[in-house]
Amino acid sequence: MSAVLDVRGLTVSIGSTRIVHGVDLRVDAGECVALVGASGSGKTVTARAVLGLSAAGAAVHADTFGVDGLDVRGWSDRRWRRVRGSRVGYVGQEALGALDPLRPVGREVADTLRLHTEMGAAERVDAVRDALEAVGLDPDITTDGRLAGTLSGGMRQRALIAAATVGSPALLVADEPTTALDAGVAVTVMEQLRAAQARGAGLLVITHDLGLVAGWADRVAVVHEGRIVEQGAVAEVFAAPVHPATRALVRAADAAAAGSAAAAPAVVRCEVPSSVRGSDARTDDGTSHGSQPTSHGARGGVLAARGLSREYGGVLAVDDVSFGLERGRVLGVIGASGSGKTTVVRMLLGLETPDAGTVTLDDEPWVPLPERERRPRRHRVAAVVQDPGATFDERWTVERVLADAFSRGDERRARGALGDRVDSALRQVDLDPALRSRSPRTLSGGQRQRLAIARALATGPEVVVLDEPVTALDATVQDAVLRLLERLRDETGVAMVLVSHDLRAVRRMADEVLVVHRGAVVEHGPAAEVFARPAHPVTARLLHAVARLAAGPAQRSAADGAAADLTD
């Protein structure tokens, strides 16, 4: 088969520091190769070098560097721009920062066709509609002027994938393509990438999810400290890993899979009972089941939401959401991409004003209030968002980011003797204190996520709102971060709201679970009960999709007959 990517002896250095050491990597047409490794191992640096997108000042060298038959050694950025989009497609891991929030989504996706094809305007519209529909987005986004900034994180990720595939490139590089997606949408996205592969495109997937690799990739290459230490057929490498780094990844993945199996019930027809857990439960069409309020509805505590609703352009994004959160407790919030979870988070944080409803903190008004009245208590509610890269000032070092958090914005205190506290905060989240002088933009996605968690905890909050806190992390680091959060919860009594597509993390951390569908709460109850015996079809579908994502196409097709019961 012909190679669409053939790299030998690839090295990447920034200053005197070599980050990638002599990498050999080949992707054939119609083949899927997965690049895996711990956070900070050099996966993303390698992928960006393959695309001619290395950081400013980086020195990239290779003995052989072929992309779709072109020798790209020494290419200028101008020459690279001529092939990115047309012959090479790229899906980055931080969708929230990759699209211009003030630009219509349809134009963002159409750019590749406008710049690299002779298509007329009408043809471009049809092609963009097809690309959006293929990744599960409303094709009317093409022409209705909807801005990228109005989409949820998962929807933006799908728009990025549509933009990467619309030009039918020979090589697709996807860096954590399913990180921001629920399992059901992730399957849709991977099927779209596989469709491109079936048309002859080569696919290079960078991921920390070994379950996804086992189900979708043909070959795997393991990266450790900037080197490929092991590669081969997926089944062979995972069955008998040789290098210690590979063995560690496989052990962590096996442990996570055990948790996933416990979290995912057998596929059964889910009959909705006349009384459903939670006072806000609704059917698929949004009508109420009429169930009686339970102890899991809105109640006193450190944080309480009552009747939160938010509308955008006549569409009800959040519909009458209520819950209470007590000290030392964790509330898990789950639901499909675009279900309204992030809008709820923004209202809890006071970043968005609800059209109806309130939020109280320690039984005192929190939302809606003018920010000047919230500011003296702002440190009591911290957040870790799903796109940490967009929240750091690129001019600051890691040390200044944490010093500013410890000092609560007081510049004189930030310049004081905070060094020991900064080092301790970095170690808490398994970051090397030697990173303190680095810019956050030079860190890997997983390292930035850990820095965001360290910053959130630095203020000593009573409530931490975690929006996809571990999705960018490999299994070993996920475990370390979750153990850290569990310990801090137990030692300090901090309350947490955990919003995540990773149902394994939610099952592990949460005391109660809130299931959101089309802006409304359709199920609310103790986590163990919800995961073991889902009472609503939406919940059952979410749990079943986790298993489908890790299964290969043959296993999925065999199971789809039974799973059809859940989609009726």
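Keep in mind that this is a model prediction, so the values were computed, not measured.
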- Item | Validation row: Arg129, Asp140 side chains within 4.5 angstrom (heavy atoms) | yes
- Would you call Ser500 and Asp502 a side-chain contact if the rule is heavy atoms closer than 4.5 Å? yes
- Item | Residue list, salt bridge (Lys or Arg N to Asp or Glu O under 4.0 Å) with Asp511, at least two apart or on another chain | Arg329
- Query: Rounded to the nearest 0.5 Å, how far apart are NZ of Lys341 and CG of Asp467?
  - Reply: 8.0 Å
- Item | Taking every non-hydrogen atom, the tightest pair across Val135 and Ala162 | CG2-CB, 4.1 Å
- Message: Looking at Arg156 and Leu151, would you say the former's side chain and the latter's main chain have a donor-acceptor pair under 3.5 Å?
- Response: yes
- For Arg448 and Leu443, indicate whether the former's side chain and the latter's backbone hold a donor-acceptor pair under 3.5 Å. yes
- Thr44 and Asp175: CA distance, side-chain angles, deciding distance, side chain to side chain donor-acceptor pair (under 3.5 Å) verdict: CA-CA 7 Å; Thr44 294; Asp175 191 357; 2.9 Å; yes
- Task: Could you tell me the separation between the CZ atom of Arg158 and the OG1 atom of Thr178, rounded to the nearest 0.5 Å?
- Result: 12.5 Å
- When rounded to the nearest 0.5 angstrom, what distance separates CZ in Arg327 from OG1 in Thr492? 10.5 Å
- Provide the closest heavy-atom pair for Ala159 versus Val105 in the form atom of the first, atom of the second, distance. CB-CG1, 4.0 Å
- For side chain to side chain contact (heavy atoms under 4.5 Å, CB included), just list the numbers for Glu462 and Val494, CA-CA rounded to whole Å, side-chain angles, deciding distance to a tenth of an Å, and then say yes or no. CA-CA 5 Å; Glu462 297 174 42; Val494 65; 5.6 Å; no
- Would you say the side-chain atoms of Lys43 pair up with the backbone N or O of Val36, donor to acceptor, closer than 3.5 Å? no
- Query: What's the verdict on side chain to side chain contact (heavy atoms under 4.5 Å, CB included) for Asp430 and Arg450, showing C-alpha distance, side-chain angles and the deciding distance?
  - Reply: CA-CA 8 Å; Asp430 296 321; Arg450 283 178 276 167; 4.0 Å; yes
- Which atoms form the tightest heavy-atom contact between Leu498 and Ala505, and what is the distance? CD2-O, 3.9 Å
- Heavy-atom nearest pair, Ala510 first then Val513, reads CB-CG2, 4.3 Å
- Shortest non-hydrogen contact from Trp366 to Leu348? NE1-O, 2.9 Å
- Task: Give a yes or no answer on whether the side chain of Arg518 reaches the backbone of Ser339 with a donor-acceptor pair at less than 3.5 Å.
- Result: no
- Glu523 vs His517 side-chain heavy atoms within contact, under 4.5 Å: no
- Please answer whether the main-chain N or O of Val330 pairs with a side-chain N or O of Arg489 as donor and acceptor at a distance below 3.5 Å. no
- Checking side chain to side chain contact (heavy atoms under 4.5 Å, CB included) for the pair Leu325/Val497: CA distance, chi angles, key distance, verdict? CA-CA 8 Å; Leu325 181 62; Val497 179; 3.6 Å; yes
- Query: Do NZ/NE/NH1/NH2 and the carboxylate oxygens of Arg377 and Asp362 come within less than 4.0 Å?
  - Reply: no
- Worked verdict on Leu172 versus Thr165 for side chain to side chain contact (heavy atoms under 4.5 Å, CB included): CA-CA 8 Å; Leu172 274 169; Thr165 57; 3.9 Å; yes
- Calculate, to the nearest 0.5 Å, the distance between atoms CD1 and CG belonging to Ile334 and Leu514 respectively. 9.0 Å
- Task: Using a strict cut-off of less than 4.0 Å between a Lys/Arg side-chain nitrogen and an Asp/Glu carboxylate oxygen, indicate whether Glu191 and Arg194 qualify as a salt bridge.
- Result: no
- Pairwise side-chain contact, Asp404 with Trp396, heavy-atom cut-off 4.5 Å (strictly under): yes
- Contacts of type salt bridge (Lys or Arg N to Asp or Glu O under 4.0 Å), residue Arg310, not counting sequence neighbours: Glu352, Asp355
- With a 4.5 Å limit on heavy-atom distance, are the side chains of Phe531 and Val506 in contact? yes
- Message: Rounded to the nearest 0.5 Å, what separates atom CD1 in Ile141 from atom CZ in Arg146?
- Response: 4.5 Å
- Any donor and acceptor pair, going by atom type alone, linking the side chain of Ser309 with main-chain N or O of Ala356 inside 3.5 Å? no
- Item | Non-hydrogen side-chain atoms of Val429 and Leu484 separated by less than 4.5 Å | yes
- Item | His544 vs Arg541 side-chain heavy atoms within contact, under 4.5 Å | no
- Note on the structure: When rounded to the nearest 0.5 Å, the distance separating OG of Ser407 from CZ of Arg400 is 9.5 Å
- Note on the structure: Sorted by chain and residue number, the salt bridge (Lys or Arg N to Asp or Glu O under 4.0 Å) partners of Glu394 (sequence neighbours excluded) come out as none
- Item | Full working for salt bridge (charged side-chain N to carboxylate O under 4.0 Å, His left out) between Glu486 and Arg483 | CA-CA 5 Å; Glu486 288 167 338; Arg483 280 191 284 110; over 6 Å; no
- Any side-chain heavy atom of Val359 sitting closer than 4.5 Å to one from Leu308? yes
- Would you say the side-chain atoms of Gln449 pair up with the backbone N or O of Pro469, donor to acceptor, closer than 3.5 Å? yes
- Note on the structure: Between Ala382 and Leu349, the two heavy atoms sitting closest are O-CD2, 4.2 Å
